[in-house]
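Just so it is clear, the structure is predicted and the values come from calculations on it, not from any experiment. Here is the naming used below: chain letters follow the sequence lines, and residue numbers restart at 1 for every chain.
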Amino acid sequence: MKHLAWCLSGLMIAGSVAAGQLAPDFELTDVNGQSHKLSDFTGKTIVLEWTNYDCPFVRKFYDVGKMQKWQEKYTGKDVVWLSINSSAPGKQGHFTPEVWQQKIDQQGVKATAVLLDPNGEVGRAYGAKTTPHMYVISEGKIVYQGAIDDKRSTNSDDIEGANNYVKAALKALMNGEAIEVAETQAYGCSVKY
Amino acid sequence: MKLLKTGLAVALALTSLARSEAEEGRIKSTIAFHASHEAVVPGSELEIGMRFVMPEGWHTYHETPGDSGMAPNIRMYDKVGVKLGKWQFPEPTTFTDVAGTTYGYENQVLLLNKLQVPEDLVPGDVLELQVSVMWLICKDICLPFQDKLRVKIPVVAASPAANADWSQLKVDGGWDQQR
């Protein structure tokens, strides 16, 4: 992680990645202490989901099991789904690995891994602004970044009928079609850096 | 939605037509319905406002919230075909922190709208509105609130009484006196 931090520092100044750009590599530890590199998944479609389980915009999707359902559906189709938490120690959404494990079990989280980014380096490299803030990566490039859908609300009733940009991007990739919307403004709580 | 608390306010045919308070833990945020007049004439236009009050240090959002947050969502229902315009937001304050820039209001804000009273109401009727409001307040963390108000406005033949506090409410709610 040491020299990786140096690599990322250049990107941190830019503070964000745009659709079409190369996805910055990173190495983070998951809630079970296992290390994951983005480059471990080369060749696969990857979803990055910035999360904070205490944010009402995140609860909107987890309380009704929707996020877990999408995680299960797409990991079942060989997509790598990485949930990332960039809450700093002492800030909302930062937990010990044991508490993370409990919360993941209780909610039935189906992500490939839940990664911890307590110093916010990866969040800043990607310019993650909100929870949720979603990225889809294909062939090493960002092919979608932004909001999960087009209904800025905390109400689970709004999920049905919303245009889910992540699902649309994944569907397009699977069908070999062009991604219609590659970039939107993310909505949610601020990331608790 | 564990965090969501709902309360139901009973209407008061007064200056403040309906008021409610939602509570999340020990954090309270209140909404209140106000109008320029205390009664309406059939076919007339009524200026209305929804006031949001936040505890110290918390803010709610402009219609363009910026990098995070959410504008209040107000839905109004009635049985007589009231026409409602677009909610107007006063000039917001800019908030900047490590995660980005947002636009909103501390302490309180009054959102304004215009309501078209149907022609076919008759004096003695009561115009009844059901208002459902969802709003978000944030400090270092965010809390969502949801509440419902029932508003009753008497229908009169002519000369509805003006709300003496209306211009002050607008000033306090972020609108310049000149507007």
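- When all heavy atoms of T154(A) and M134(B) are compared, the closest pair comes out as OG1-CE, 4.2 Å.
- Note on L84(B) and L46(B): same hydrophobic cluster, where clusters join Ile, Leu, Val, Met, Phe, Trp and Tyr whose side-chain heavy atoms are under 4.5 Å apart, directly or indirectly.
- Using a 4.5 Å cut-off between heavy atoms, Y62(A) makes no contact with chain B at all.
- The part of D140(B) that comes within reach of chain A is its backbone (N, CA, C, O), which places non-hydrogen atoms under 4.5 angstrom from that chain.
- In terms of heavy-atom pairs under 4.5 angstrom with chain A, the leader among D97(B), D67(B), V98(B) is D67(B).
- Contact record, P65(B) with R152(A): CG-NH1, 2.9 Å, taken as the closest heavy-atom pair.
- In this structure, E63(B) places its CD atom where more than 12 heavy-atom neighbours from other residues, nucleotides or ligands lie under 6.0 Å away.
- Rounding to the nearest 0.5 Å places CE of M70(B) at 13.5 Å from OG1 of T130(A).
- Using a 4.5 Å cut-off between side-chain heavy atoms of Ile, Leu, Val, Met, Phe, Trp and Tyr, with links allowed through other members, L82(A) and V122(A) fall into the same hydrophobic cluster.
- Cluster annotation: L143(B) is connected to M54(B) through the hydrophobic network of ILVMFWY side chains, with a link wherever side-chain heavy atoms come within less than 4.5 Å.
- You'll find the side chain of K91(A) stays beyond 4.5 Å of the side chain of I141(B), heavy atoms only.
- By the 6.0 Å contact criterion, CD on E91(B) is open, its count of non-hydrogen atoms from other residues, nucleotides or ligands being 12 or less.
- Taking every heavy atom of both residues into account, S68(B) and G188(A) meet most closely at CB-O, 3.1 Å.
- Atom CG of L136(B) sits about 8.0 Å away from atom SG of C55(A), to the nearest 0.5 Å.
- Residues Y105(B) and W58(B) are members of one and the same hydrophobic cluster, defined by side-chain heavy-atom contacts under 4.5 angstrom among Ile, Leu, Val, Met, Phe, Trp and Tyr.
- Interface remark: T131(A) contributes no atoms to any contact with chain B (heavy atom separation under 4.5 Å).
- Considering every non-hydrogen atom in both R75(B) and D158(A), the closest pair reads NH2-OD1, 4.1 Å.
- Heavy-atom contacts from other residues, nucleotides or ligands closer than 6.0 Å to CD of E177(A) number more than 12.
- For Q107(A), the CD atom is densely surrounded, since the number of other residues' heavy atoms within 6.0 Å is greater than 12.
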